[in-house]
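Reviewing the structure listed below.
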Amino acid sequence: QVQLLESGGGLVQAGGSLRLSCAASGRTLSNYAMGWFRQAPGKEREFVSGISRSGGSTYHADSVKGRFTISRDNAKDTVYLEMNSLKPEDTAVYYCAAQWGALASRRSSQYDYWGQGTEVTVSS
């Protein structure tokens, strides 16, 4: 069993930056690919970014490409999402998720463990 805890959310003005963290406990994250998803009010959960088990491959949704960066520190069992040039449409609850295996999927159904989420609000 893996427990995931997100942190780093908050209120920021458009154009600002936030860094989200996802810390794991229970099991090492080194066996899992990781993903960040978000869910805005009234919308379905959507893929944001993914990173392979080794950290060697990363993937981003087109809507955040060039603005968001995903990274991981397996020694600390922590995954990060650096978010720059934030827009009001980035407002959502952000979730990290762990998927057993090497590569991160863009499909939420492929993930085995989820955190509780951290809220990000971007004001215009």
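Note that the OG atom of S63 and the NZ atom of K87 stand 8.0 Å from one another [nearest 0.5 Å]. The distance from the CZ atom of R106 to the OG atom of S49 is 9.0 Å, given to the nearest 0.5 Å. Between R45 atom CZ and S109 atom OG the span is 12.0 Å, to the nearest 0.5 Å. Atom CG of L5 and atom SG of C22 lie 7.5 Å apart (nearest 0.5 Å).
Of the possible donor and acceptor atoms, one in the side chain of E6 sits under 3.5 Å from a partner among the backbone N and O of Q116. Here the side chain of E119 pairs no donor or acceptor atom with the backbone of Y94 at under 3.5 angstrom. N74 places a side-chain N or O within donor-acceptor distance of the main-chain N or O of R53, the cut-off being under 3.5 Å. Checked by atom type and distance alone, the side chain of S30 never pairs as donor or acceptor with a backbone atom of T28 at under 3.5 Å.
Taking every heavy atom of both residues into account, R19 and E82 meet most closely at CG-OE1, 3.3 Å. Contact detail for Q99 and L103: the closest heavy-atom pair is OE1-O, 3.4 Å. When every heavy atom of A102 is checked against every heavy atom of A33, the shortest pair comes out as O-CB, 3.8 Å. The minimum heavy-atom distance between A104 and M34, with the atom names listed, is CB-O, 3.6 Å. The nearest pair of heavy atoms linking Q110 to S105 is CG-OG, 3.4 Å.
A salt bridge links D90 with R67: the distance from a Lys NZ or Arg NE/NH1/NH2 to an Asp or Glu carboxylate oxygen falls below 4.0 Å.
For K65, the NZ atom is densely surrounded, since the number of other residues' heavy atoms within 6.0 Å is greater than 12. E89 CD: more than 12 foreign heavy atoms inside a 6.0 Å radius.
In this pair, Y32 and Y113 present their aromatic rings perpendicular. The plane angle is above 60°, beyond the 30 to 60° band.
Across L86, T91, T121, a single residue satisfies side chain to side chain contact (heavy atoms under 4.5 Å, CB included) together with V12, and that is L86. With respect to M83, the side chain to side chain contact (heavy atoms under 4.5 Å, CB included) criterion is satisfied by exactly one of V120, V48, V122, I70: V120. When the options Y80, F68, W36 are evaluated for a side chain to side chain contact (heavy atoms under 4.5 Å, CB included) with L20, the one that passes is W36.
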Starting from the C-alpha separation in whole Å, work towards a yes-or-no answer on side chain to side chain contact (heavy atoms under 4.5 Å, CB included) for L29 and L4.
CA-CA 10 Å; L29 279 186; L4 300 173; 4.1 Å; yes

Any chance you could lay out the side chain to side chain contact (heavy atoms under 4.5 Å, CB included) test for L81 and R38, step after step, and finish with the verdict?
CA-CA 12 Å; L81 185 68; R38 67 187 181 186; over 6 Å; no

Show your working on ring-ring contact (aromatic ring centres under 6.0 Å, His included) between F37 and F47 and close with a plain yes or no.
CA-CA 4 Å; F37 290 76; F47 172 81; 5.6 Å; yes

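Two residues are said to be in side-chain contact when any heavy atoms from C-beta on lie closer than 4.5 Å; S17 and N84 meet this criterion.
Cluster annotation: Y111 and Y95 are assigned to the same hydrophobic cluster (Ile/Leu/Val/Met/Phe/Trp/Tyr, side-chain heavy-atom contacts under 4.5 Å, transitive). A continuous path of ILVMFWY side-chain contacts below 4.5 Å connects W100 to V2, so both sit in one hydrophobic cluster.
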